[in-house]
Amino acid sequence: MNLEGLNSSQRAAVEYNDGPQLVIAGAGSGKTRVLTYKIAYLLSQGVPANRILALTFTNKAAREMRDRIARMVDAADVRYLWMGTFHSICSKILRHEAEHIGFTRDFTIYDTQDQKSLVKQVLKLYSLDDKVYKPNTVLGRISAAKNALIKPSDYARNESVAKQDRQDRLYEMPKIYSEYQTRLRAANAMDFDDLLMYVCLLLEKDEATRRYYQQVFQYVLVDEYQDTNYVQYRIVSYLAEPENRICVVGDDAQSIYSFRGADIRNILHFQQGYPNARLFKLEQNYRSTQTIVKAANSLIHHNENQIYKEVFSEKEPGERIDLVGYMTDRNEGEGVARSIQQYHAIKGVSYNDIAVLYRTNAQSRTFENEFRKLGIAYRIYGGMSFYQRKEIKDAIAYFRLAVNPKDNEALVRVINYPARGIGETTIRKVSECATMQNTSMLEVVQHPVECGLEVSKATASKLGAFGDLIATLHEAADTMNAYEFAEKVMLLSGIRTAAVMDRTPEGIDRAENLQELLTGIHELIDRRTEEGIDFTPIHDFLAEVSLLTDQDQNLTDDTPRVTLMTVHAAKGLEFEVVYIVGLEENLFPSQMCVKPSEIEEERRLLYVALTRAMQYCHMSYARQRFRNGSVQFSSPSRFLRDIDRQYIALREGSVAGTPATAAPRWRNNSWSTPSKPAMPSVPTKPLTHISDIKTETQSAEYQAGERVRHGTFGEGTVLQVYEENGTRRIDILFDKFGKKAMLIQFAKLEKI
């Protein structure tokens with residue numbers, strides 16, 4: 001087989017097949033290429049395809065590898081490979097061996113919704129409060145137990161698990177887990193974690209079955225080995241014995257999924273488990289410039305727990321990494337948007353080749369808003385637009401219903417969220433009654449007897465309580481500003497409490513998104529204040545959001561777009577231009593990471609972010625963020641001082657009408673900002689991180705009847721210009737937002 005396309009390190013890793021081997025593949029070093037060539041090489045050496053087991057973490061990775069191999073060898077052989085995800089391979093094994101563990105071969109695999117439904121049944125059986133025993137939380141605990149090979153019979157005796165359950169007041173978890181598993185077995189069903197656990201237990205307990213599969217698989221290959229958990233580690237170990245012709249490929253520097261159960265010790269200690277294992281290092285990066293690679297190296301070398309390697313690039317040196325300090329997170333959004341606009345307009349970089357990476361999903365809102373203002377198309381990778389997320393749509397539905405009591409769609413969405421014991425049957429009756437009475441559903445809810453609604457007294461009481469809540473909010477909608485009103489809604493409705501009480505990763509995301517919604521509303525009020533508008537009701541926010549969501553729907557699928565995503569979602573991807581934003585303490589690294597091992601994983605996460613960039617990389621942080629109801633001052637991330645200074649260009653962040661934050665300085669092991677703000681830097685080349693944009697129309701005089709354009713409200717007609725209390729003001733009738741009074745000094749208008 002022709003191996004000319006491989007470098008010396010890659011070729012050595014492909015050709016060695018005499019025993020256990022660990023291939024440490026640095027970022028962009030051709031890991032998939034090596035695995036593909038290795039399998040093709042084994043086939044060319046006469047190893048039957050059905051004797052090769054290749055385990056991946058995604059179906060996409062398995063398909064791509066299979067297609068590549070088919071182009072290199074006889075395609076007919078490839079279909080017999082045992083290649084797929086851990087779950088798909090284990091499912092295939094269990095279809096053959098189900099009788100050995102008390103199942104039939106036609107067992108059902110429950111998806112997430114099936115699992116939630118089953119958990120709810122168990123909670124109902126034991127009369128447990130699903131606000132304490134949240135289905136997602138319960139399923140998370142059960143999943144963690146299975147991945148640690150803790151059976152229901154052993155659960156209560158496991159001290160670490162019991163301690164965690166006591167801390168979270170989940171005292172009944174042992175019997176919930178036991179009943180959940182009993183019902184699965186009674187239904188001849190398994191969940192995804194069962195697929196792994198049962199295969200592992202089968203290999204452990206049934207010697208004949210274990211020996212059979214050890215003979216079937218002559219070679220075992222594992223991709224992304226740094227992401228394996230305990231049960232996956234055990235399965236691989238059993239299947240590779242006794243010949244131990246096992247090849248694991250991965251990068252300990254990219255181990256970032258501990259929250260999913262991944263255990264970095266599997267790859268760090270591989271050579272201890274296999275003392276005769278050969279170590280191969282793929283250290284040439286084919287993706288990024290030398291500067292980006294060296295900067296990433298200088299960062300990750302601060303981790304103690306690692307397999308040392310010195311990744312290098314033979315591409316051009318490239319530009320230094322921009323590090324920009326902004327005054328606020330809003331400035332950061334504006335600055336990044338302007339910079340992206342310049343890359344596209346001046347250098348001709350396609351939006352498809354640009355990505356913005358952040359630590360938490362909630363951070364997308366700021367950038368989405370700024371991209372919309374500048375007409376920059378974007379996509380949320382691995383998620384959805386901020387205003388399309390369920391918890392945001394729930395909150396906005398409350399806002400809509402409070403403002404417009406006739407909004408039946410909003411009522412149906414939130415009448416039983418959080419759960420109030422108002423079921424689908426009752427909602428249908430309310431809808432039918434409203435139609436018959438030619439009135440709104442809320443009117444029926446508030447006056448069920450008068451409207452002739454046939455429900456029990458208990459149900460009528462629940463409906464009445466909801467009706468009273470909306471009446472209270474309706475009264476507040478006109479008297480409170482948008483931020484105060486939104487806080488009141490989240491408090492009285494219980495949606496914030498419901499999110500905060502859910503400590504699963506998904507629950508934490510929802511809580512952060514709701515807080516970011518409040519931040520967005522607060523920013524709207526700040527902008528209105530700058531424009532001379534003293535009072536901003538929730539109506540104004542709803543009008544603005546409706547336009548944003550319309551723009552979401554109008555984007556076509558084939559439009560080139562900037563990618564917005566969390567760093568976790570970015571692993572395995574690459575872009576010509578990458579922005580890593582929000583590099584602040586308690587954000588990146590996360591405030592929830594305090595243990596040394598957790599901090600090291602956060603550092604690996606930044607390493608992953610840096611190594612997504614091919615040509616240009618930008619990093620930024622904000623001095624102030626509006627969080628938890630107040631402006632909070634932030635300090636730059638500790639990880640920034642881990643990156644060798646020679647690879648970083650410190651720049652000042654400035655946007656239209658906003659003073660620049662002085663370039664940060666590194667002195668005495670801490671970041672400092674000069675007490676006297678530096679003047680905005682003058683660009684010395686066509687493409688800079690931020691352009692210092694000036695508006696030429698600020699001092700212009702306007703006449704009644706003139707047409708003008710505003711960045712937020714769009715186009716409108718000047719009604720009058722006048723002076724009040726020594727301040728020049730202007731009244732404008734906007735086409736979509738109606739009449740607005742503004743201070744000319746801050747209005748930022750453009751004549752059209």
Side-chain angles (χ1 to χ4, degrees), residues 1-26 29-57 61-62 65-66 68-70 72-74 77-78 80-84 86 89 93 203 207 210-228 232-252 265-284 307-309:
M1 181 181 173
N2 187 355
L3 302 179
E4 295 299 322
L6 303 176
N7 65 35
S8 59
S9 298
Q10 293 171 335
R11 182 165 184 161
V14 166
E15 291 181 327
Y16 179 78
N17 294 296
D18 295 330
Q21 66 181 124
L22 169 61
V23 180
I24 294 297
S29 63
K31 168 182 64 67
T32 303
R33 184 179 181 82
V34 166
L35 270 174
T36 302
Y37 267 84
K38 191 172 189 67
I39 294 170
Y41 182 77
L42 288 171
L43 292 172
S44 72
Q45 296 299 302
V47 179
N50 63 355
R51 304 293 300 279
I52 299 173
L53 170 64
L55 294 163
T56 67
F57 272 83
M65 286 176 57
R66 190 182 293 272
R68 292 187 190 185
I69 295 166
M72 300 169 66
V73 298
D74 187 347
D77 289 340
V78 177
Y80 296 109
L81 287 169
W82 284 70
M83 176 181 287
F86 275 90
I89 295 299
I93 291 174
L203 295 174
E207 184 177 352
R210 182 173 68 251
R211 286 182 176 177
Y212 170 76
Y213 283 100
Q214 288 171 347
Q215 292 171 0
V216 167
F217 301 129
Q218 187 174 345
Y219 287 91
V220 178
L221 303 96
V222 187
D223 190 17
E224 304 286 9
Y225 192 66
Q226 78 280 350
D227 294 334
T228 54
Q232 290 164 334
Y233 158 76
R234 290 285 295 274
I235 290 171
V236 170
S237 299
Y238 283 133
L239 293 177
E241 294 174 352
E243 297 297 327
N244 288 330
R245 290 195 177 95
I246 177 175
C247 172
V248 300
V249 182
D251 183 5
D252 57 293
R265 293 175 297 182
N266 292 347
I267 194 167
L268 292 179
H269 299 164
F270 181 83
Q271 291 172 282
Q272 296 177 23
Y274 299 91
N276 62 330
R278 287 276 303 275
L279 173 64
F280 298 85
K281 296 181 181 180
L282 307 183
E283 296 175 298
Q284 182 171 354
I307 298 173
Y308 184 85
K309 59 185 175 298

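- Remark: side-chain polar atoms of N244 are not paired, donor with acceptor, to backbone N or O of P20 under 3.5 angstrom.
- In this structure, CG on L55 lies 10.5 Å from CH2 on W82, to the nearest 0.5 angstrom.
- A side chain to side chain donor-acceptor pair (under 3.5 Å) check over residues 46-56, counting only residues at least two apart or in different chains, returns nothing.
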- Message: If you apply the rule side-chain contact (heavy atoms from CB on, under 4.5 Å), what do you find for I267 with I24, and how did you get there?
- Response: CA-CA 9 Å; I267 194 167; I24 294 297; 3.8 Å; yes
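- Considering every non-hydrogen atom in both G84 and A62, the closest pair reads CA-CB, 3.9 Å.
- Using a distance-only test at 3.5 Å, with no hydrogens or angles considered, a donor-acceptor pair links the side chain of R33 to the main chain of G5.
- With sequence neighbours excluded, no residue satisfies salt bridge (charged side-chain N to carboxylate O under 4.0 Å, His left out) with K281.
- With sequence neighbours left out, E207 forms a side chain to side chain contact (heavy atoms under 4.5 Å, CB included) with R210, R211.
- In this structure, the ring pair (Phe, Tyr, Trp, His ring centres under 6.0 Å) partners of F270, at least two apart in sequence or on a different chain, are Y225, Y274.
- Taking CG of D223 as the start and CE of M65 as the end, the distance is 6.0 Å to the nearest 0.5 Å.
- Between R68 atom CZ and I39 atom CD1 the span is 11.5 Å, to the nearest 0.5 Å.
- The CG atom of L81 sits 5.5 Å away from the CD1 atom of I69 when rounded to the nearest 0.5 Å.
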- List the steps, then state whether side-chain contact (heavy atoms from CB on, under 4.5 Å) holds for K31 with E224. CA-CA 9 Å; K31 168 182 64 67; E224 304 286 9; 3.4 Å; yes
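- V23 has its side chain out of reach of V248: every pair of non-hydrogen atoms, C-beta onward, lies at least 4.5 Å apart.
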- Take Q21 and C247 through the side-chain contact (heavy atoms from CB on, under 4.5 Å) test and state the conclusion after the steps. CA-CA 5 Å; Q21 66 181 124; C247 172; 3.6 Å; yes
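- Around atom OH of Y233, no more than 12 heavy atoms belonging to other residues, nucleotides or ligands sit under 6.0 Å away.
- Considering every non-hydrogen atom in both N7 and Q284, the closest pair reads ND2-OE1, 3.9 Å.
- The side-chain heavy atoms of V34 and F280, taken from C-beta on, include no pair separated by under 4.5 Å.
- Looking only at side-chain heavy atoms (C-beta outward), Y219 and E243 stay at 4.5 Å or farther from each other.
- For the pair I52 and Q218, the minimum side-chain heavy-atom distance is 4.5 Å or more.
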- E15/Y41 under side-chain contact (heavy atoms from CB on, under 4.5 Å): CA gap, chis, key distance, verdict: CA-CA 8 Å; E15 291 181 327; Y41 182 77; 4.2 Å; yes
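- Here salt bridge (charged side-chain N to carboxylate O under 4.0 Å, His left out) pairs that include residues 34-46, with residues two or more places apart or in two chains, number zero.
- At a threshold of 4.5 Å between non-hydrogen side-chain atoms, the residues L221 and L35 count as touching.
- The CZ atom of R234 lies 13.0 Å from the OG1 atom of T228; values are rounded to the nearest 0.5 Å.
- Closest approach of Q10 and S29 over heavy atoms only: NE2-O, 3.0 Å.
- You'll find the side chain of L6 reaches within 4.5 Å of the side chain of V14, heavy atoms only.
- Between L279 and K309, every side-chain heavy-atom pair lies at or beyond the 4.5 Å cut-off.
- Summarising the local packing, OH of Y80 is surrounded by 12 or fewer heavy atoms from other residues, nucleotides or ligands at distances under 6.0 Å.
- What you find for I246 and A240 is that their closest heavy atoms are CB-CB, 4.0 Å.
- For R245 and D18, the salt-bridge test fails: no basic side-chain N is under 4.0 Å from an acidic carboxylate O.
- Expressed to the nearest 0.5 Å, how far NE2 of H269 lies from CG of L22 amounts to 12.0 Å.
- Looking at Q214 and P242, their side chains come closer than 4.5 Å, going by heavy atoms from C-beta outward.
- A donor-acceptor pair is defined here as one N or O able to donate and one able to accept, closer than 3.5 Å; no such pair exists between the side chain of R11 and the backbone of E4.
- A search for ring pair (Phe, Tyr, Trp, His ring centres under 6.0 Å) contacts involving Y308 returns H301, not counting sequence neighbours.
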